[in-house]
There are 2 protein chains.
Amino acid sequence: MAKALREPKDTSAQAIARLREAGLRPTRQRVELAGVLFQSGDRHVTAESLHDEVAQTGVKVSLATVYNTLHQFTEAGLLRQVIVDASRSYFDTNTGDHQHFFVEKEGLLIDIPGESIAVAGVPAPPAGLSVDRVDVVVRVRRN
Amino acid sequence: MAKALREPKDTSAQAIARLREAGLRPTRQRVELAGVLFQSGDRHVTAESLHDEVAQTGVKVSLATVYNTLHQFTEAGLLRQVIVDASRSYFDTNTGDHQHFFVEKEGLLIDIPGESIAVAGVPAPPAGLSVDRVDVVVRVRRN
DNA sequence: TCAACGAATTAGAACAATTCTAAACTGTGA
DNA sequence: TCACAGTTTAGAATTGTTCTAATTCGTTGA
Ligand SMILES: [Mn+2]
Ligand SMILES: [Mn+2]
Ligand SMILES: [Zn+2]
Ligand SMILES: [Zn+2]
């Protein structure tokens, strides 16, 4: 049996463990969504793209549940939101320190490792404000 | 006559000149919007905030016209768009090189001068892509 | 000065993304 | 296996934005 091909049962088991650790009840829908999101490497999804992708695996999950789940996963620290577009939300399975290239026309996000990039000279915020995070978006386009 | 208090006629004349230079017909609505946008220093507005603000001066401009005008001003290089929120668009009268603090809960943008901030270590984008611009958003919150 | 014409404005409909509601269903612990 | 809180869902509602097509306006040439 090839090691590269994970068994569905493996993926489910991992997803269930991950959900339990996060304090989320492992429902059929959450297990399926977690499977799709976390079985491969780092991913960037929108609610709609994830909904479509899950639909293609044959499992039926409502769009409302996809939204609920993305928000719950984000609150639980399994995902983070990435803001690059004024009209839709992206969610990122990479919750570590990193930044993004964004290909606007394609809605495509590409990670930039946190170690490789640095922002210098950020002034102290005005009195009464403190820095939450610093986001860098490198907007790129096809040649 | 105090110099600090600009006459309406002055503001209009400036707005009309600015519109003509940009190749835009100086209609009553555009003159009014340009007046509000450009008479004071750098500003960050949303369509709705600008619409409300203009309404308070007693002038009636439809929301559709506010949207049209913001886009036309942006195409003409009088404004630029700032993306900090996944659900609404901000427009910035400062079209020069600079970055932003963003107070999410209040929808408030604060400029960071371009000279003070620097991004180092941006990798070359993947083949076939070229950098359009680099945006930095320093997300801050009230203490 | 004014008619004519293309440009601009507008109300309201349409749209897209997201959130809400409240009824049906399901996972879990006893 | 039951009961119940937690979850899912269809569909309605909401929000920000864009579109449509009818009206109004700004400019220009006579
Ligand atoms: Mn967009
Ligand atoms: Mn928001
Ligand atoms: Zn990422
Ligand atoms: Zn600015």
Side-chain angles (χ1 to χ4, degrees), chain A residues 12-13 15-36 44-55 59-76 78-79 81-91 104-105 107, chain B residues 12-13 15-36 44-55 59-76 78-79 81-91 104 107 109:
Chain A
S12 294
I16 290 170
R18 201 186 289 262
L19 290 167
R20 288 237 154 85
E21 279 165 43
L24 294 166
R25 213 192 260 199
T27 64
R28 182 169 50 76
Q29 292 86 343
R30 286 181 184 154
V31 171
E32 183 63 25
L33 291 169
V36 168
H44 303 95
V45 302
T46 62
E48 210 194 343
S49 77
L50 181 58
H51 184 244
D52 290 354
E53 190 175 347
V54 163
V59 178
K60 203 168 65 182
V61 179
S62 77
L63 188 55
T65 296
V66 173
Y67 276 105
N68 290 341
T69 303
L70 286 171
H71 289 137
Q72 290 153 355
F73 284 11
T74 300
E75 277 166 41
L78 301 176
L79 293 177
Q81 227 175 322
V82 181
I83 296 177
V84 286
D85 189 296
S87 74
R88 63 151 140 261
S89 282
Y90 287 79
F91 293 85
E104 182 157 36
K105 283 183 72 172
Chain B
S12 294
I16 290 170
R18 200 185 291 260
L19 290 168
R20 288 237 153 85
E21 278 166 43
L24 294 167
R25 229 198 248 200
T27 63
R28 181 168 51 76
Q29 292 84 344
R30 296 210 277 226
V31 170
E32 183 63 25
L33 291 168
V36 168
H44 304 95
V45 302
T46 63
E48 210 194 345
S49 78
L50 181 58
H51 185 244
D52 289 354
E53 190 175 346
V54 163
V59 177
K60 203 168 64 184
V61 179
S62 77
L63 188 54
T65 295
V66 173
Y67 276 105
N68 290 340
T69 302
L70 286 171
H71 289 138
Q72 290 152 356
F73 284 11
T74 300
E75 278 167 40
L78 301 175
L79 292 177
Q81 228 174 321
V82 181
I83 297 177
V84 287
D85 189 297
S87 73
R88 60 150 144 265
S89 282
Y90 287 81
F91 293 84
E104 182 158 37
L109 280 166

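Protein chains get the first letters and strands the later ones, always in sequence-line order, with residue 1 at the start of each.
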Test side chain to side chain contact (heavy atoms under 4.5 Å, CB included) on B:Leu70 and B:Val45; report intermediate values, then the result. CA-CA 10 Å; B:Leu70 286 171; B:Val45 302; 4.3 Å; yes
Smallest heavy-atom separation, A:Arg18 atom then A:Leu78 atom, equals CG-CD2, 4.1 Å
Extract, from 5' to 3' on DNA chain C, the first and final nucleotides lying under 4.0 angstrom from some heavy atom of chain B. C:dG6 to C:dA11
Counting side-chain heavy atoms from C-beta on, which of D:dA10, D:dG16, D:dT27 comes nearest to B:Pro26? D:dT27
Is any side-chain N or O of B:Arg88 closer than 4.0 Å to OP1 or OP2 of D:dT17? no
Distance, rounded to the nearest Å, where B:Asp85 contributes CG and D:dT15 contributes P: 15 Å
Check whether any side-chain nitrogen or oxygen of B:Ser89 sits under 4.0 Å from OP1 or OP2 of D:dG16, and answer yes or no. no
d(CZ, A:Arg25; C1', D:dG6) in whole Å: 4 Å
Rounded to whole angstrom units, what separation is found between the CG atom of B:Asp52 and the P atom of D:dG16? 11 Å
Minimum-distance pair of heavy atoms, taken over all atoms of A:Arg25 and A:Arg30: O-NH1, 2.9 Å
Rounded off to whole Å, could you give me the CG-to-P distance for the A:Leu70 and D:dT8 pair? 12 Å
Return the value, rounded to whole Å, for the distance between atom NZ of B:Lys60 and atom P of D:dC25. 11 Å
Which atom of A:Val54 lies closest to which atom of A:Val36, heavy atoms considered: CG2-CG2, 3.9 Å
Base, sugar-phosphate alone, or nothing: which one does B:His71 contact when heavy atoms must sit under 4.0 Å apart? sugar-phosphate
Between B:Gln81 and B:Ser89, is there a side-chain donor-acceptor contact under 3.5 Å, judged purely by atom types and distance? yes
Which whole-number value in Å describes the distance from A:Leu63 CG to D:dT9 P? 11 Å
If you assign B:Arg28 and B:Asn68 each to the DNA chain D nucleotide with the nearest heavy atom, which residue ends up on the more 5' nucleotide? B:Asn68
Give the rounded distance in Å between these two atoms: CD of B:Glu48 and P of D:dT14. 15 Å
Tell me the closest heavy-atom pair linking B:Gly35 and B:Ala15, and the distance in Å. N-CB, 4.2 Å
Side-chain N or O of B:Gln29 closer than 4.0 Å to phosphate OP1/OP2 of D:dC25: no
Sugar-phosphate only, base, or nothing, as touched by A:Thr65 at under 4.0 Å among non-hydrogen atoms: base
D:dT8 C1' sits how many Å from A:Glu32 CD, rounded? 15 Å
Note: for A:Gln72 and B:Ala47 on DNA chain D, the residue whose nearest nucleotide lies more 5' is A:Gln72
Can you name the nearest heavy-atom pair linking B:Gln29 to B:Thr65, along with the distance? CB-CG2, 4.0 Å
